[in-house]
S.K.: 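First, the structure itself, so that you have it in front of you.
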Amino acid sequence: MGGGNEEVVKMTKVKVRFAPSPTGPLHIGGARSALFNFLYARRYGGELVIRSEDTDVERSRREYEDEIIESLEWLGINWDEGLKVGGANGPYRQTERADMYQELVDDLVDRGLAYPCFCTEEELEEERKQLLEQGEIVRYRGRCRNLSEEERRARLAQGIKPAIRLQVPPGRVYVVEDLVRGNVVFESDTMGDFIIMKSDGLPTYNFAVVIDDHLMGITHVIRAEEHLSNTPRQLAVYEALGFTPPKFAHVSLILGKDRQKMSKRHGATSVIQYRQRGYLSEALVNFLALLGWAPEGEEEILTLDDMINSFSLDRVAKNPAVFDIDKLNYINQQYIKQKTISELKEALRPFIAESPYADRVQKLGEDKYGLLVEGIRDYLVCLADVKENLSIFFDDPDYTPEAVEVLRQEGVGQVLDACQERLPDSFTQFDEAKKFLKTLIKETGFRPKMVYMPLRAAFTGLTRGLELPYLMSVWGSDECRRRLELARQQLPG
RNA sequence: GGCCCCAUGGUCAAGCGGUUAAGACACCGGCCUUUCACGCCGGUAUCAGGGGUUCGAAUCCCCUUGGGGUCACCA
């Protein structure tokens, strides 16, 4: 493994980037791209740049940029240069780099490699429609390419603001050297002259990305596969500008259950949403890494450091991956179980704070809160699940038919009586409650099952759930008594 | 539609010409346990189809089929 890549990596210092456009929260797919870039940089001792591609003035918003940064930080992805941290190649927002692009566009126009296009949206639409009907390649055919100087001046005089198009050389072949896909060949004749600068004076993506990557010294462009088809356009820009292209690596997309590109229809698609549902960042990162990358060993539960130490583009898959929430859930549970009780107590606080049980948990005190957390730990798939578990502790039981059935069994009344009679004045420990139940069984001679099940049903209204001693010790004797009374109403006769 | 990418179980995937085709999730069964969950043990299940190349193909080539991406004054 390794092969050619490794050599390039050794010769030049790796510098990668993640360049989201701030038109929405950080998407799961974007997060994975960011992660792969991060892992690649750290693995090879390189640098990661984060910049903002905000040339779509309509849709870009500064709040989204902040949100994306927050999500990246939450995931544990840090960077060496760019937004927030600054660096020698700034600014890191494309709208703030407008003059750089302008200068290069002017140069291309002067050299006859680009030209102003005065076509209206309607004209372009018409052309597209015609080509489509004729079954031809849909592309710009260069109507404005050969306008004379007078014609250009005339249109300018009419106040028409032109867009600038790159003159794409005909009959050429562009080869994208892709580290995960190998060489991918495109013919220049299929792309037509495309716009590099919009009439608002801002560059288009295919132009700006090239300049930024070049000026920032990016050596490897790792991004989603949806960009693969655009890469030849960028190669044309590199060529016109006389820049050397970086290495590319196009990672396949993340799909929903129906094998369509992940979208809102599939439920939560942003990092923020997963955070809010109580997925741990370590778990999300671990899961995302496994979507498209395979570690060498059999162990799949990996920390960020584990991944940094073994990440390689050679082990990145070419085929798209379906987002499997079951697996994420499993991984999240693994991380929850790995946490110490005190870590988990902290992690759970925000989720409890927004539940209806905040006050009651508060009143419990730290020791009992710890007991509660210990009791529910194995029942949490994600942190937000704490809410339902809290309900068992704090809400009055809502007896299920199964529970009622258990309570109506012969002899249950005696069990409840015996329990009530022997309840000590207080429990404060799990062990005390556990011992109490054992003693109850021993002294009364009831079968264990005839004690545990009815008591569970009586206390919680359910026939399943966490261990009774946790519940009892958190409640204390008075609450246990109160619940026994409640349960009596469900008894026959 | 043109161009491009992709194709191993339900899902993520290992595999890079010779393997009993790993592993994980999910599912099913068993054990543990006061129940459920956790945990442990075990099981079902995959090379899309067709042609080649080869002594030998999941692995290489071609076609078909299927899925996806892209063709914007969005990124």
Side-chain angles (χ1 to χ4, degrees), chain A residues 1 19-23 53-56 58-60 94 117 119-121 124-125 128 131-140 161-165 176 178 180-181 184-187 189-192 194-206 208-209 224-233 250 252-253 255 257 259-261 287 290-301 315 317-331 333 337 376-381 402 406 437 441 447-457 462-468:
Chain A
M1 45 162 288
S21 68
T23 53
E53 308 212 321
D54 60 347
T55 53
D56 184 345
E58 286 293 308
R59 296 192 303 152
S60 293
Q94 290 183 333
C117 170
C119 294
T120 63
E121 216 170 297
L124 294 172
E125 189 50 45
R128 264 193 290 271
L131 287 171
L132 206 61
E133 275 168 20
Q134 296 164 209
E136 298 229 15
I137 301 168
V138 179
R139 68 197 193 287
Y140 183 69
K161 285 218 181 346
I164 308 296
R165 287 183 186 270
V176 179
D178 194 292
V180 346
R181 272 153 229 284
V184 184
V185 179
F186 295 86
E187 287 176 33
D189 292 338
T190 62
M191 54 198 192
F194 57 92
I195 292 176
I196 55 176
M197 181 165 284
K198 302 180 277 184
S199 53
D200 66 3
L202 287 173
T204 56
Y205 167 73
N206 285 134
V209 73
E225 195 197 327
E226 53 191 322
H227 292 288
L228 181 56
S229 299
N230 275 318
T231 311
R233 277 168 245 275
H250 288 96
S252 59
L253 298 169
L255 273 25
K257 264 242 173 320
R259 299 210 140 263
Q260 302 290 307
K261 188 173 165 181
F287 173 68
L290 260 20
L291 236 39
W293 171 73
E296 265 191 78
E298 289 191 349
E299 187 55 52
E300 290 194 329
I301 301 297
R315 299 187 69 83
K318 293 198 266 272
N319 49 314
V322 172
F323 187 97
D324 180 13
I325 192 74
D326 284 329
K327 181 118 182 198
L328 207 212
N329 285 340
Y330 167 78
I331 292 174
Q333 276 186 86
K337 276 192 294 194
I376 65 174
R377 162 195 231 160
D378 283 348
Y379 292 82
L380 300 176
V381 170
E402 293 77 30
V406 168
L437 291 171
I441 289 165
R447 290 183 54 83
K449 203 160 182 170
M450 230 354 239
V451 171
Y452 287 112
M453 247 346 231
L455 283 181
R456 172 181 299 286
L462 304 169
T463 49
R464 40 182 298 182
L466 68 166
E467 291 187 65
L468 282 180

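So you know, we letter chains A, B, ... as the sequences are listed, proteins then strands, and number each from 1.
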S.K.: Is any side-chain heavy atom of E53(A) closer than 4.5 Å to a side-chain heavy atom of P203(A)?
M.R.: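 They are not in side-chain contact.
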S.K.: Return the pairing partner of C12(B) with a 3.5 Å limit on both distances, Watson-Crick or G-U wobble; otherwise return none.
M.R.: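 With both distances under 3.5 Å, C12(B) matches G23(B).
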S.K.: Check whether any side-chain heavy atom of V184(A) lies under 4.5 Å from a side-chain heavy atom of T231(A), and answer yes or no.
M.R.: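 Answer no - side chains too far apart.
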S.K.: Heavy atoms under 4.0 Å, any strand shown: does P448(A) hit a base, just sugar-phosphate, or nothing?
M.R.: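 Nothing, no heavy atom under 4.0 Å.
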S.K.: Nearest to the D56(A) side chain among C4(B), C74(B), C71(B), which nucleotide is it?
M.R.: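 Ranking C4(B), C74(B), C71(B) by closest atom to the D56(A) side chain puts C74(B) first.
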S.K.: Check every strand shown and say whether F186(A) touches a base, only sugar-phosphate, or nothing at a heavy-atom separation below 4.0 Å.
M.R.: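 Sugar-phosphate only.
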S.K.: How about R139(A) and T190(A): do any of their side-chain heavy atoms sit closer than 4.5 Å?
M.R.: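 No. Closest side-chain heavy atoms not under 4.5 Å.
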S.K.: Over all strands shown, is V451(A) touching base, sugar-phosphate only, or nothing at heavy-atom distances under 4.0 angstrom?
M.R.: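 Nothing, no nucleic acid heavy atom in range.
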S.K.: Taking only the side-chain heavy atoms of N206(A) (C-beta and beyond), determine which of A75(B), A13(B), G1(B) contains the nearest atom.
M.R.: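 Out of A75(B), A13(B), G1(B), the nucleotide with an atom closest to N206(A)'s side chain is A75(B).
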S.K.: Check this for me: does the side-chain of S199(A) come within 3.5 Å of the base of C73(B) through a donor and an acceptor?
M.R.: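 Answer is yes: a donor-acceptor pair is held.
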S.K.: Looking only at side-chain atoms of R59(A), point me to the closest of A14(B), C74(B), U35(B).
M.R.: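 Nucleotide nearest to R59(A)'s side chain: C74(B).
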S.K.: Taking atom C1' in both C31(B) and C38(B), what distance in whole Å separates the two?
M.R.: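 C31(B) and C38(B) have their C1' atoms separated by 14 Å.
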S.K.: Counting only side-chain nitrogens and oxygens, does S252(A) get under 4.0 Å of the OP1 or OP2 atom of G69(B)?
M.R.: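 For S252(A), the contact criterion (side-chain N or O under 4.0 Å from OP1 or OP2 of G69(B)) is not met.
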S.K.: Can you tell me, in whole Å, how much space there is between the P of C61(B) and that of A7(B)?
M.R.: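 Taking atom P in both C61(B) and A7(B), they lie 11 Å apart.
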S.K.: By nearest atom, which of the nucleotides C71(B), G23(B), C73(B) is closest to the E298(A) side chain?
M.R.: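 For the E298(A) side chain, the nearest candidate turns out to be G23(B).
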S.K.: For nucleotides C28(B) and G17(B), find the distance between their C1' atoms and express it as a whole number of Å.
M.R.: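 Taking atom C1' in both C28(B) and G17(B), they lie 36 Å apart.
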S.K.: What nucleotide, of G2(B), C74(B), U70(B), holds the atom closest to the side chain of K261(A)?
M.R.: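 Taking heavy atoms from C-beta onward, the closest nucleotide is U70(B).
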S.K.: Any side-chain N or O of R315(A) under 4.0 Å from OP1/OP2 of G15(B)?
M.R.: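 The answer is yes; a side-chain N or O of R315(A) sits under 4.0 Å from OP1 or OP2.
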S.K.: With a 4.0 Å cutoff (strictly under), does any side-chain N or O of N319(A) reach OP1 or OP2 of U8(B)?
M.R.: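 So the side-chain polar atoms of N319(A) do come within 4.0 Å of the phosphate oxygens OP1 or OP2 of U8(B), strictly under.
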S.K.: Any donor-acceptor pair under 3.5 Å linking the side chain of R456(A) with the backbone of L466(A)?
M.R.: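 Side chain of R456(A) to backbone of L466(A): a pair is present.
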S.K.: Is there a side-chain contact between K198(A) and the phosphate of A75(B), meaning an N or O under 4.0 Å from OP1 or OP2?
M.R.: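 For K198(A), the contact criterion (side-chain N or O under 4.0 Å from OP1 or OP2 of A75(B)) is met.
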S.K.: What's the closest nucleotide to the L253(A) side chain, out of C4(B), G69(B), A75(B)?
M.R.: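 Taking heavy atoms from C-beta onward, the closest nucleotide is G69(B).
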S.K.: For I301(A) and C38(B), what is the distance between atoms CD1 and C1' respectively, to the nearest whole Å?
M.R.: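 Distance, rounded to whole Å: 15 Å.
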S.K.: When you measure only distances, ignoring hydrogens and angles, does the side chain of T190(A) come within 3.5 Å of the base of G2(B) through a donor and an acceptor?
M.R.: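 Counting by modelled atom types and ignoring angles, no donor-acceptor contact under 3.5 Å is found here.
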S.K.: Please work out if S21(A) contacts a base, only the sugar-phosphate, or nothing of the nucleic acid, heavy-atom cut-off 4.0 Å.
M.R.: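 It contacts sugar-phosphate atoms only.
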S.K.: How about T204(A) and T55(A): do any of their side-chain heavy atoms sit closer than 4.5 Å?
M.R.: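 A side-chain contact under 4.5 Å is absent here.
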S.K.: I need the CD-P distance between E226(A) and A72(B), as an integer number of Å.
M.R.: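 The distance from CD of E226(A) to P of A72(B) comes to 16 Å, rounded to the nearest Å.
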S.K.: Does the aromatic ring of Y452(A) sit over the six-membered base ring of U34(B), closer than 5.5 Å centre to centre and tilted less than 30°?
M.R.: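 By the stated criterion, Y452(A) and U34(B) stack.
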S.K.: Classify E300(A) by what it touches in the nucleic acid, base, sugar-phosphate, or nothing, heavy-atom distance under 4.0 Å.
M.R.: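 The residue E300(A) makes base contact.
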S.K.: Distance check needed: A72(B) C1' versus I195(A) CD1, whole Å only.
M.R.: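 Those two atoms, CD1 and C1', are 8 Å apart.
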S.K.: Take atom P in C60(B) and the same atom in C3(B), then report the distance between them in whole Å.
M.R.: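 Approximately 24 Å lies between the P atom of C60(B) and that of C3(B).
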S.K.: Just call it for G292(A): base, sugar-phosphate, or nothing, with non-hydrogen atoms closer than 4.0 Å on any strand.
M.R.: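 Sugar-phosphate only.
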S.K.: Are any of the side-chain heavy atoms of I164(A) and K198(A) separated by less than 4.5 Å?
M.R.: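 No, side chains not in contact.
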S.K.: Rounded to whole angstrom, note down the P distance from C47(B) over to U34(B).
M.R.: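 C47(B) and U34(B) have their P atoms separated by 44 Å.
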S.K.: Under 4.0 Å, heavy atoms only, any strand: does D54(A) hit a base, just the sugar-phosphate, or nothing?
M.R.: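 Nothing: the residue D54(A), judged by heavy atoms under 4.0 Å, touches no strand.
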S.K.: Closer than 4.0 angstrom, basic N to acidic O: yes or no for E402(A) and R464(A)?
M.R.: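 Between R464(A) and E402(A) there is no salt bridge, as every charged N stays at least 4.0 Å from the carboxylate O atoms.
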S.K.: Assuming nearest nucleotide by heavy-atom distance, tell me which of V184(A) and Y205(A) is located more 5' along RNA chain B.
M.R.: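 The 5'-side residue here is V184(A).
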S.K.: If you measure from the C1' atom in A14(B) to the same atom in G56(B), how many Å do you get, rounded?
M.R.: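 Roughly 22 Å separates the two C1' atoms.
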S.K.: For C38(B), give the paired nucleotide (Watson-Crick: N1-N3 plus N6-O4 or O6-N4; G-U: N1-O2 and O6-N3; both under 3.5 Å), or none.
M.R.: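 When the pairing criteria are applied, nothing turns out to pair with C38(B), so the answer is none.
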S.K.: Classify the side chain of Y379(A) and the base of C36(B) as holding, or not holding, a donor-acceptor pair under 3.5 Å.
M.R.: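 Yes, a donor-acceptor pair under 3.5 Å.
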S.K.: A7(B) pairs with which nucleotide, Watson-Crick or G-U wobble, both distances below 3.5 Å?
M.R.: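 Across all strands, the one nucleotide that pairs with A7(B) is U65(B).
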S.K.: Strictly below 4.0 Å: does R128(A) bring a side-chain N or O up to OP1 or OP2 of A72(B)?
M.R.: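 So the side chain of R128(A) is within the cut-off, an N or O lying under 4.0 Å from OP1 or OP2 of A72(B).
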S.K.: Quick one: which of G10(B), A75(B), C5(B) gets closest to the side chain of D324(A)?
M.R.: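 Among G10(B), A75(B), C5(B), the one nearest the side chain of D324(A) is G10(B).
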S.K.: I want to check one thing: is the phosphate of A72(B), taken as OP1 and OP2, less than 4.0 Å away from some side-chain N or O of R233(A)?
M.R.: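 For A72(B), neither OP1 nor OP2 has a side-chain N or O of R233(A) closer than 4.0 Å.
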S.K.: Just call it for E467(A): base, sugar-phosphate, or nothing, with non-hydrogen atoms closer than 4.0 Å on any strand.
M.R.: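 E467(A): base contact, heavy atoms under 4.0 Å.
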S.K.: Mind checking E225(A) for me? I need base, sugar-phosphate or nothing, with any heavy atom below 4.0 Å counting as a touch.
M.R.: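 Base, at least one base heavy atom under 4.0 Å.
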S.K.: For the side chain of A294(A), counting heavy atoms from C-beta on, which of A14(B), C12(B), G69(B) is nearest?
M.R.: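 Of A14(B), C12(B), G69(B), A14(B) is nearest to the side chain of A294(A).
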S.K.: Strictly by Watson-Crick or wobble contacts shorter than 3.5 Å, is anything paired with G1(B), and which nucleotide is it?
M.R.: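 Partner of G1(B): C71(B).
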S.K.: Give the nucleotide from the list C25(B), C73(B), A13(B) with an atom nearest to the side chain of L124(A).
M.R.: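 Among C25(B), C73(B), A13(B), the one nearest the side chain of L124(A) is C73(B).
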S.K.: Using the side-chain heavy atoms of D326(A), tell me which of these nucleotides is nearest: C3(B), A26(B), C73(B).
M.R.: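 Shortest atom-to-atom distance from the side chain points to A26(B).
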S.K.: Are H227(A) and V209(A) packed together at the side-chain level, in the sense that at least one heavy-atom pair is separated by less than 4.5 angstrom?
M.R.: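 Not touching, per the 4.5 Å side-chain cut-off.
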S.K.: Once you apply a heavy-atom cut-off of 4.0 Å, does H227(A) come out as touching a base, just sugar-phosphate, or nothing?
M.R.: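 Since a base atom lies under 4.0 Å of H227(A), the category is base.
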S.K.: Can you check whether Y330(A) has a side-chain N or O nearer than 4.0 Å to OP1 or OP2 of C25(B)?
M.R.: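 Checking Y330(A) against C25(B): at least one side-chain N or O falls below 4.0 Å of OP1 or OP2.
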S.K.: Roughly how far apart, to the nearest Å, are G39(B) and G51(B) at atom P?
M.R.: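 Here G39(B) and G51(B) have their P atoms 47 Å from each other.
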S.K.: With sugar-phosphate meaning primed atoms plus P, OP1 and OP2, does S60(A) contact a base, only sugar-phosphate, or nothing at under 4.0 Å between heavy atoms?
M.R.: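 The residue S60(A) makes no contact with any strand.
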S.K.: Can you confirm whether or not the ring centre of F323(A) sits under 6.0 Å from the ring centre of F287(A)?
M.R.: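 Ring centres of F287(A) and F323(A) closer than 6.0 Å.
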S.K.: Between I441(A) and Y452(A), is there a side-chain heavy-atom distance shorter than 4.5 Å?
M.R.: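 Yes, their side chains come closer than 4.5 Å.
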S.K.: Would you please confirm or rule out a distance under 4.0 Å between OP1 or OP2 of G39(B) and any side-chain N or O of K337(A)?
M.R.: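 It does, given that an N or O in the side chain of K337(A) lies less than 4.0 Å from OP1 or OP2 of G39(B).
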S.K.: Within the structure shown, what part of the strands sits under 4.0 Å from R456(A) by heavy-atom distance: base, sugar-phosphate, or nothing?
M.R.: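 Base, at least one base atom sits under 4.0 Å.
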S.K.: U46(B) and U59(B): how far apart are their C1' atoms, nearest whole angstrom?
M.R.: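 Approximately 15 Å lies between the C1' atom of U46(B) and that of U59(B).
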